[in-house]
Amino acid sequence: MIILALDTAGVDCAAAVFDSGRNTVLGEASDMIGKGHAEHLIGIVDRALDQAGLALSDVDRLAVTIGPGSFTGIRVGVAAARGFALSLNVPAVGITTLEVMASAQRDKTPHRAVLAAMDAKRDEIYLQSFAADGSPLDAPGAVSVAQAQAFAAGFDGEITGSATPLLKADAGGDHTNRFPISIVARLGAAASPDSGKPKPLYLRGPDAKPQAGYAIARRV
């Protein structure tokens with residue numbers, strides 16, 4: 001199965017072509033642009049397909065990051081994935097950025113639980129924890145820094161993401177929300193094609209899901 005993965009949820013505009021049968025990335029392209037994903041995405045997709053030596057018609061499934069992240073960027077990626085899927089008559093699946101970040105961390109520290117934490121500003125953190133096998137331990141949510149700190153204090157595992165310095169006193173190095181686009185492709189290959197059309201994941205604001213973050217907040 002050929003997967004076309006897209007990521008426009010953060011500062012990167014990225015695409016990857018992945019062959020799940022061979023577990024191989026055939027082509028990928030990524031530019032750190034910050035803004036302007038709508039203008040750059042098609043060119044990024046073309047670069048990834050050219051590197052893979054494939055045409056868009058060869059794609060069997062779309063995978064796209066659905067957030068949390070940039071409000072505009074998420075909408076661009078999700079709309080593109082759904083448009084491609086509709087024109088090709090293939091499924092599209094959504095992958096959260098927290099899930100991708102946790103997977104990237106597990107590649108570095110296998111067999112460890114992971115707490116994915118993104119600095120959401122406004123004294124809030126986007127948070128979700130995952131078991132060592134990658135299964136989610138709770139729902140993604142937007143919680144206060146104080147709630148997140150209390151949760152992290154009792155968490156036995158690794159912490160990853162831009163909010164790491166807020167949760168771990170001895171955190172060193174550069175902590176960002178960036179990740180290889182190839183991970184989105186691999187997670188997209190493993191996702192259920194029956195999960196429905198991908199939709200933006202907003203954890204606060206008028207489009208936020210009701211009680212987002214409650215599963216985390218009630219545990220601290």
Side-chain angles (χ1 to χ4, degrees), residues 3-18 25 27-45 47-48 51 62-78 80-81 93-110 112-122 124-130 134 136 140-142 145 148 152 157-168 171-191 198 200-203:
I3 311 294
L4 175 59
L6 311 176
D7 172 44
T8 57
V11 297
D12 293 324
C13 185
V17 180
F18 178 69
V25 176
E28 60 183 301
S30 180
D31 287 342
M32 189 172 71
I33 63 172
K35 298 180 180 180
H37 294 89
E39 293 80 10
H40 286 80
L41 181 57
I42 299 303
I44 291 290
V45 170
R47 283 165 49 190
Q51 191 180 118
L62 274 295
V64 61
T65 49
I66 58 173
S70 163
F71 180 87
T72 302
I74 292 168
R75 286 179 178 268
V76 168
V78 169
V93 296
I95 309 295
T96 73
T97 50
L98 295 169
E99 181 182 1
V100 184
M101 289 162 54
S103 182
Q105 180 61 44
R106 282 197 309 278
D107 288 343
K108 302 174 186 176
T109 54
R112 292 279 289 165
V114 179
L115 180 62
M118 298 173 61
D119 186 354
K121 309 301 181 182
R122 306 179 192 173
E124 285 187 326
I125 291 176
Y126 297 136
L127 202 68
Q128 188 176 16
S129 58
F130 298 84
V145 172
E158 304 295 326
I159 301 176
T160 188
S162 58
T164 301
L166 297 173
L167 305 181
K168 192 176 179 181
D174 182 24
H175 299 279
T176 71
N177 301 321
R178 301 183 67 198
F179 43 75
I181 181 62
S182 58
I183 297 178
V184 181
R186 288 190 171 92
L187 291 173
L201 175 65
Y202 299 128
L203 299 180

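Both backbone and side-chain heavy atoms feed into the values below; hydrogens, waters and symmetry mates do not.
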Query raised in the report: Is the shortest heavy-atom distance from the side chain of Phe179 to the side chain of Asp7 under 4.5 Å?
Result: yes

Query - Student check: side-chain heavy atoms of Leu127 and Leu167 closer than 4.5 Å - result: yes

Query raised in the report: Looking at Met101, His175, Met118, which hits side chain to side chain contact (heavy atoms under 4.5 Å, CB included) with Ser162?
Result: Met118

**Report entry** Heavy-atom side-chain proximity of Pro136 to Glu99 below 4.5 angstrom
**Finding:** no

Query raised in the report: Could you give the distance from CD1 (Ile66) to CD1 (Ile74), rounded to the nearest 0.5 Å?
Result: 8.5 Å

Query raised in the report: Taking only residues two or more places apart in sequence or in another chain, which ones pass side-chain hydrogen bond (donor to acceptor under 3.5 Å, both in side chains) with Thr72?
Result: none

Requested in this report: State, to 0.1 Å, how close Ile181 and Ala15 come at their nearest heavy-atom pair, and which atoms those are.
Outcome: CG1-C, 3.7 Å

Query raised in the report: What residues form a side-chain hydrogen bond (donor to acceptor under 3.5 Å, both in side chains) with Gln105, not counting sequence neighbours?
Result: Thr109

Requested in this report: Indicate the atoms forming the closest heavy-atom contact of Pro198 with Val78, along with that distance.
Outcome: O-CG1, 3.3 Å

Report task. Please name all residues satisfying salt bridge (charged side-chain N to carboxylate O under 4.0 Å, His left out) with Glu28, sequence neighbours left out, ordered by chain then number. Result -> none

Query raised in the report: If we only count heavy atoms from C-beta on, is the Pro68 to Leu98 side-chain gap below 4.5 Å?
Result: yes

Report summary line: Looking only at heavy atoms, the pair that brings Ile3 and Ala63 closest together is CG2-CB, 4.1 Å

Query - Straight-line distance of Arg112 CZ to Ile159 CD1, nearest 0.5 Å - result: 10.0 Å

**Report entry** Under-4.0 Å salt bridge between Arg47 and Asp31
**Finding:** yes

Report summary line: Taken to the nearest 0.5 Å, the spacing of Thr160 OG1 from Lys108 NZ works out to 6.0 Å

Query raised in the report: Are side-chain heavy atoms of Asn177 and Thr97 found at a separation under 4.5 Å?
Result: no

Query raised in the report: Given side chains that start at C-beta, do those of Phe130 and Glu158 come closer than 4.5 Å, heavy atoms only?
Result: no

Query raised in the report: Say you draw a straight line from CD1 of Ile44 to OG1 of Thr8; how long is it, rounded to the nearest 0.5 Å?
Result: 11.0 Å

Query raised in the report: Which atoms form the tightest heavy-atom contact between Gly77 and Leu6, and what is the distance?
Result: O-CD1, 4.1 Å

Requested in this report: Side-chain contact test, heavy atoms from C-beta onward, threshold under 4.5 Å: evaluate it for Arg178 versus Asp12 and give yes or no.
Outcome: yes

Query - Exam field: side chain His37 to backbone Ala14, donor-acceptor pair closer than 3.5 Å - result: no

Report summary line: Minimal heavy-atom distance between Ala185 and Ala16, with the atoms involved, is CB-CB, 4.5 Å

**Report entry** Exercise: identify the closest heavy-atom pair between Pro140 and Leu201
**Finding:** CG-CD2, 4.1 Å

